[in-house]
Amino acid sequence: MPPHRLAFRRNGACRVTTAPSVLIVDASRESREVLRLMLERRGATTLEAERPEEAIRLARDFHPDLILFDAESDHSRNGQPTNDLRQIA
């Protein structure tokens, strides 16, 4: 049986779940929204970050099962945010 996790909703509510957790990192609000809707319809819990610094904090605090990171964004071009996220995972 998968480990139980706490899932936090946008409204601040919290529940216990066994669903996989996914951190979505993208500067585009629209892209994050599309991914969030697709993943949540399939049972995943999601966290969102617009900037790599926020993603690093969320990854450290919540240890998501998967991180979807926009590798083409201006923030990821120097490679440091990606390396930081890899070290956390």
From CG (D70) to CZ (R32), nearest 0.5 Å: 10.5 Å
Taken to the nearest 0.5 Å, the spacing of I24 CD1 from T46 OG1 works out to 5.0 Å
Among L58, I56, I67, the one residue meeting side chain to side chain contact (heavy atoms under 4.5 Å, CB included) with V25: I67
Could you grab the distance from atom CD of E33 to atom CE of M38, nearest 0.5 Å is fine? 12.5 Å
With respect to S21, which candidate in L39, L47, T45 satisfies the side chain to side chain contact (heavy atoms under 4.5 Å, CB included) definition? T45
How close do A19 and A44 get, heavy atom to heavy atom, and via which atoms? CB-CA, 4.4 Å
Hey, mind stepping through R51 and E54 against salt bridge (Lys or Arg N to Asp or Glu O under 4.0 Å) and telling me if it holds? CA-CA 5 Å; R51 301 181 48 81; E54 182 183 6; over 6 Å; no
Given the rule that I, L, V, M, F, W and Y join up when any side-chain heavy atoms are under 4.5 Å apart, are L68 and L23 in one cluster? no
Supply the atom-to-atom distance L35 CG to D26 CG, rounded to the nearest 0.5 angstrom. 7.0 Å
Indicate yes or no: does E50 engage R29 in a salt bridge with an N to O separation below 4.0 Å. no
